[in-house]
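Some notes on the structure that comes next.
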Amino acid sequence: MAAAQGERPLYKDASAPVEARVRDLLGRMTLREKAAQMAQIERTVVSPRALAELAAGSVLNAGGSAPRDRASPADWARMVDDMQRLALSSRLAVPILYGTDAVHGHNNVFGATVFPHNVGLGASRDAELVRKIGEATALEVRATGIHWAFAPCVAVCRDPRWGRCYESYSEDPEIVRSLTMIVTGLQGQPPADHPHGYPFLASVRDNVLACAKHFVGDGGTYKGINEGNAICSPDDLERIHTKPYPDCIAQGVATVMASYSQWNGEPLHASRHLLTDVLKGKLGFEGIDRLCEPRGSDYRYCVAQSVNAGMDMIMIPHRFEKFLEDLVFLVETGEISMSRIDDAVERILRVKFISGVFEHPFSDPSLLDVVGCKEHRLLAREAVRKSLVLLKNGKKQSETFLPLAKNAKRILVAGTHADNIGYQCGGWTIAWHGDSGKITLGTSILEAIQESVGVETEVVYEECPTEAIIESGEFSYAIVAVGEVPYAEGLGDRTDLSIPFNGSDLITRVASKVPTLVVVVSGRPLVIEPQVLEKIDALVAAWLPGSEGMGITDCLFGDHDFVGKLPVSWFRSSDQLPINVGDANYDPLFPFGYGLKMFRSDEGLA
């Protein structure tokens with residue numbers, strides 16, 4: 001009646017309580033509209049039919065999917081705003097939430113600040129730094145009109161053979177717990193009286209919805225196989241892998257993503273016990289539980305299994321109409337109860353209302369200049385500095401090799417990773433699995449060295465120098481940067497963890513003639529053979545530092561000391577895996593928590 005008289009529906013009243021708005025809107029929806037809210041579709045399948053007619057609830061871009069090659073922040077914002085206009089022209093005008101994998105900065109956007117991957121931040125052990133990175137990332141994501149970052153990954157990686165090991169802060173759940181502060185960075189600080197488990201967003205201009213992932217045990221699979229089977233007791237699951245989730249929930253994390261892995265053979269996304277009884281019951285989570293696409297030969301069965309287990313929103317990404325048809329059929333035949341659908345849609349609408357997207361559906365053009373701004377690049381540079389771990393400094397304890405002299409006459413810079421921004425950034429950068437070369441804006445290690453040394457110093461760069469160059473060069477010292485090719489998810493699962501591109505041979509060739517510092521650029525520890533370690537003068541683990549190579553030279557040349565400590569155990573050989581601190585017969589090459597300093601505390605810094 002009220003609507004017939006032209007009154008504004010309650011759900012459109014920004015001053016009404018969120019729960020009243022949720023109930024009002026839910027009561028106006030058809031089953032098909034509810035089902036559509038539970039779907040998250042890929043941006044390439046967006047159409048007027050998908051958003052205006054069928055009213056899909058959410059859109060994402062898969063890794064590497066962009067409006068165009070080297071799309072600008074304004075291109076992204078325009079695309080999201082155009083989608084939002086379609087959504088607002090649907091019968092009930094429910095806006096979409098647009099989500100993206102902003103896992104180390106706004107990493108899909110050309111020219112955005114690319115921060116170190118999580119394993120490097122784990123080496124910093126600096127929760128305040130990580131919170132600031134969350135704040136900076138949120139601003140860059142918001143500038144492009146996007147509401148939701150699929151971060152943080154709070155996996156506790158127990159085996160470096162896993163292709164997502166660099167997305168984990170540490171093998172130690174306590175370090176992972178402390179760095180969940182990034183949730184507050186992304187979403188803002190909830191007030192002291194904020195209800196436990198209730199989703200939170202401080203500002204529609206400055207913050208984005210966060211997503212704790214992947215619930216649960218993804219970092220503990222057998223042999224580190226991506227989406228494999230975590231074989232452990234309920235006690236170990238809780239003590240190690242579930243540990244960071246209560247911290248995220250206490251900060252009002254709006255969404256949680258379920259894992260594709262299994263726990264003792266049961267797929268997580270079909271586990272009612274873990275998704276409903278533990279996550280929503282015991283841990284009190286009231287936001288959205290999200291799942292990547294249902295897989296399996298019987299699609300309809302997979303949908304039923306996931307929704308009944310407690311999944312609220314499902315990334316389709318391409319078969320949207322098939323999903324709608326199947327979900328409606330499953331409710332109409334009684335395989336999924338209407339109360340389960342209502343619970344899922346209530347959670348989705350709750351997050352939409354707290355996100356402010358009803359009142360502020362469009363991007364804020366005044367934010368565009370923040371993407372890749374100087375202030376954020378300086379923060380990333382600080383993060384690089386603090387993430388570096390000094391593993392060796394000098395052949396004898398009495399003779400340190402670092403800091404390097406800035407005014408040396410001639411220095412050799414070599415290795416596959418010395419001048420390659422793509423390798424430096426790793427996976428989830430521009431492309432899903434990352435790429436090689438100048439894929440985005442930033443400073444390579446070589447460029448940082450050239451910027452840091454004295455004007456008289458000659459820097460000779462040879463990716464793979466010959467014996468003749470090494471011998472005749474009269475080099476004061478060499479910097480050799482080696483490491484991994486970028487990878488993401490299962491593409492990165494590896495059993496052979498030796499240095500790629502015959503890195504050990506290159507190191508040996510250079511170090512037998514010239515005093516050598518080795519910088520390892522990788523998402524995990526790699527095999528450093530005893531004879532290689534013996535030959536080199538210094539060794540630094542740089543992890544996957546991102547776009548700001550100057551953070552590396554800040555430490556190499558002594559402007560800042562090293563502060564990083566190993567967030568994972570550095571094994572001697574792959575035969576030792578898995579190896580974690582606290583194991584019986586724990587005998588790594590470098591133990592968890594190891595990290596040298598260049599200066600004794602009484603020496604001060606240059």
Side-chain angles (χ1 to χ4, degrees), residues 18 22 37-42 56-62 80 94-103 106 134 137-138 141-142 146-155 167 180-188 190 194-204 207-216 218 242 244-260 268-269 274-276 278-281 283-293 306-307 309-317 343-358:
V18 167
V22 169
Q37 283 301 307
M38 294 172 68
Q40 184 172 61
I41 61 175
E42 215 282 325
S58 182
V59 180
L60 84 156
N61 55 279
V80 180
V94 181
I96 55 165
L97 287 177
Y98 189 104
T100 192
D101 282 287
V103 297
H106 199 4
T137 301
V141 171
R142 263 293 168 191
I146 294 173
H147 322 103
W148 184 6
F150 302 145
C153 174
V154 293
E167 294 185 59
T180 62
M181 273 303 287
I182 193 167
V183 171
T184 292
L186 290 164
Q187 297 190 159
H194 184 73
H196 177 81
Y198 200 82
F200 178 76
L201 194 76
S203 160
V204 295
N207 298 112
V208 293
L209 302 166
C211 179
K213 64 185 189 184
H214 305 86
F215 190 82
V216 60
D218 51 339
T242 312
Y245 286 92
D247 298 278
C248 296
I249 292 166
Q251 293 170 70
V253 74
T255 67
V256 169
M257 197 187 302
S259 179
Y260 254 116
L268 250 295
H269 58 273
L274 290 174
L275 297 179
T276 298
V278 175
L279 178 61
K280 294 177 173 180
L283 302 183
F285 174 64
E286 293 189 42
I288 302 173
D289 200 350
R290 173 182 175 268
L291 172 70
C292 287
E293 63 191 299
S306 302
V307 174
M311 212 53 74
D312 305 316
M313 182 178 277
I314 297 182
M315 184 181 114
I316 308 302
D343 171 57
V345 180
E346 264 175 27
R347 288 166 177 273
I348 292 163
L349 297 179
R350 178 180 298 135
V351 170
K352 287 191 174 187
F353 285 120
I354 68 112
S355 78
V357 72
F358 277 83

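Predicted model, so just to flag it, every value in this text is computed and none were measured.
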Practice prompt. Kindly determine whether M311 and H269 satisfy side chain to side chain contact (heavy atoms under 4.5 Å, CB included), including the steps that lead there.
Written response: CA-CA 7 Å; M311 212 53 74; H269 58 273; 3.9 Å; yes
I want to check something: taking the side chain as every heavy atom from C-beta on, are [X] and [Y] in contact at a cut-off of under 4.5 Å?
{"X": "V307", "Y": "I314", "value": "yes"}
{"X": "Q251", "Y": "H194", "value": "no"}
{"X": "M313", "Y": "D289", "value": "no"}
{"X": "I316", "Y": "E42", "value": "no"}
{"X": "T242", "Y": "L274", "value": "no"}
{"X": "Q40", "Y": "P317", "value": "no"}
{"X": "H106", "Y": "I146", "value": "yes"}

TODO: Verify, without hydrogens or angle tests, whether R290 (side chain) and V256 (backbone) share a donor-acceptor contact under 3.5 angstrom.
DONE: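 No: the side chain of R290 does not pair with the backbone of V256.
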query = Do any N or O atoms from the side chain of T100 and from the backbone of F150 form a donor-acceptor pair under 3.5 angstrom?
reply =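 No.
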Could you tell me the separation between the [atom1] atom of [X] and the [atom2] atom of [Y], rounded to the nearest 0.5 Å?
{"X": "T180", "Y": "Y245", "atom1": "OG1", "atom2": "OH", "value": "11.0 Å"}
{"X": "L291", "Y": "M257", "atom1": "CG", "atom2": "CE", "value": "9.0 Å"}
{"X": "I249", "Y": "E286", "atom1": "CD1", "atom2": "CD", "value": "10.5 Å"}
{"X": "E167", "Y": "K213", "atom1": "CD", "atom2": "NZ", "value": "5.5 Å"}
{"X": "S58", "Y": "Q37", "atom1": "OG", "atom2": "CD", "value": "9.0 Å"}
{"X": "L60", "Y": "L97", "atom1": "CG", "atom2": "CG", "value": "12.0 Å"}

Which atom pair, heavy atoms only, marks the closest approach of [X] to [Y]?
{"X": "P190", "Y": "T184", "value": "CD-OG1, 4.4 Å"}
{"X": "L279", "Y": "L283", "value": "O-CB, 3.4 Å"}
{"X": "V208", "Y": "Q187", "value": "O-CG, 3.3 Å"}
{"X": "A138", "Y": "G185", "value": "CB-O, 4.3 Å"}
{"X": "R142", "Y": "N207", "value": "NE-O, 2.7 Å"}
{"X": "A309", "Y": "T276", "value": "O-OG1, 2.7 Å"}

### Query
Is K280 salt-bridged to D312, cutoff N-O under 4.0 Å?
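Between D312 and K280 there is a salt bridge, with a charged N closer than 4.0 Å to a carboxylate O.
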query: For the residue pair F358 and F353, does the interplanar ring angle fall in the parallel (under 30°), tilted (30 to 60°) or perpendicular (over 60°) class?
result: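 The rings of F358 and F353 lie parallel, inter-plane angle below 30°.
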Exercise. Among I288, V22, V18, whose side-chain contact (heavy atoms from CB on, under 4.5 Å) with L349 holds?
Worked result: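 By the side-chain contact (heavy atoms from CB on, under 4.5 Å) criterion, L349 pairs with just one of I288, V22, V18: V22.
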